[in-house]
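Here's the structure, in structure tokens; my notes come after.
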There are 2 protein chains.
Amino acid sequence: MDEFNERIDVLKTLKFIMNMIHKSMEDEFRELNITGPQGMIIGILMRHRKMKISELSKKMGLTSSTVSGIVDRLEKQGMVKRERSSDDRRVVYVNIDEEFRKKSKEVFKKVEDKFRDMMNKATEEEHDEIVKGLNTLKRLIESNKQ
Amino acid sequence: MDEFNERIDVLKTLKFIMNMIHKSMEDEFRELNITGPQGMIIGILMRHRKMKISELSKKMGLTSSTVSGIVDRLEKQGMVKRERSSDDRRVVYVNIDEEFRKKSKEVFKKVEDKFRDMMNKATEEEHDEIVKGLNTLKRLIESNKQ
DNA sequence: TGCAAATATTTCGGATACTAAATAATTATA
DNA sequence: TATAATTATTTAGTATCCGAAATATTTGCA
């Protein structure tokens, strides 16, 4: 295979891998009965417990009106709660409901376990190849971006 | 770094890479003044010239009613044309407008060139690492899926 | 041949997601 | 204190997305 095609294949392979991950994510969210954007917010709240609307917006690269709408729908289903800051009363904190947090944690864990199981099926050598290749690509992207 | 964390990092690194690619795609589509799903269809038509609605649906994993709607909006902007098959008059072919095809081709090419330029900045060794790592991961996913 | 079944697409209703602009409330500052 | 800046929400408009029903056409078969 010539050099040109090999380089395009990197893109194709990446797309294939992205597709598979995307599908896993969808399964994960379907199990929790939430949509993709809702799952993003839940995922962030799983690790931060309390987030401002503005922080969520920035983290997700969406406008705050969009986030406000998504939080509306999550709140209606009792998955998150809004809480006005007493410190600065313009600010709204979004909390994940404790019950839903536990349920989500299990589902997220299940997916991570599945990925880890898969990685564990690789030989030591394959594993090193994967880690090395991905990190090299990441470095390359980073050094190209600024 | 212990083994556990190394394996989680694979997921994180993948997410980072996916994010960067996603952003490039968005820029690409913004330049053509189309949305993500519209861009998917244009991308497919760039390589096939003529596609049935049902073929597009299957390729994109969407229902044909959804695809029909997206094609509606592309057609309204003159980017694609519908054409009834004379062979089987139930079938509708979607063609990309020749003018828009040329414009898109340039934009897509620009993005591919950018990616190729980036890959060309890697040393031969780095390049091999990337290709090898991605292909190993792909094989691992494939052997795990059925 | 004539009619039922199958196929391809469209239409419709209902939900989410997304943005920009307008609004409301609060805080910071000149 | 008057004004500017910040934070979140609401509103209006567009785009996805699905499933069910409608439409048009073709195919199978009695």
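Below, read A as the first sequence line, B as the second, and so on, with proteins coming before strands; counting in each chain starts at 1.
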| What string of B, S and - do you get for nucleotides 4-16 of chain C 5' to 3' if you count protein non-hydrogen atoms under 4.0 Å? | --BBSBBB----S
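Following rounding to the nearest Å, B:Glu26 (CD) and D:dA15 (P) show an atom-to-atom distance of 17 Å. At whole-Å resolution of the value, CG in B:Asp87 and P in D:dT26 are 9 Å apart. Following rounding to the nearest Å, A:Arg89 (CZ) and D:dT9 (P) show an atom-to-atom distance of 13 Å. Rounded to an integer number of Å, the gap from CD1 of B:Ile41 to P of D:dA15 is 13 Å. Atoms CD (A:Glu75) and P (D:dT10) sit 10 Å apart, rounded to a whole Å. Rounding to whole angstrom units, CG of residue B:Asn33 and C1' of D:dT14 are separated by 13 Å.
Hydrophobic cluster membership of A:Val91, counting Ile, Leu, Val, Met, Phe, Trp and Tyr whose side-chain heavy atoms lie under 4.5 Å apart directly or via other members: A:Tyr93.
Checked by atom type and distance alone, the side chain of B:Arg84 never pairs as donor or acceptor with a backbone atom of B:Val92 at under 3.5 Å.
A:Thr136 and B:Glu126 form no side-chain donor-acceptor contact under 3.5 Å, judged by distance and modelled atom types alone.
Under the rule for a side-chain hydrogen bond (donor to acceptor under 3.5 Å, both in side chains), B:Glu55 has no partner lying at least two apart in sequence or in another chain.
Residue B:Asn95 forms a side chain to side chain donor-acceptor pair (under 3.5 Å) with just one option from B:His48, B:Lys50, B:Glu83, and that option is B:Glu83.
Phosphate contact (OP1/OP2 of D:dC18, side-chain N/O of B:Thr63, threshold under 4.0 Å): present.
Under a hydrophobic-cluster definition in which Ile, Leu, Val, Met, Phe, Trp and Tyr are linked whenever side-chain heavy atoms come within less than 4.5 Å, directly or via other members, A:Val111 and A:Phe100 are assigned to different clusters.
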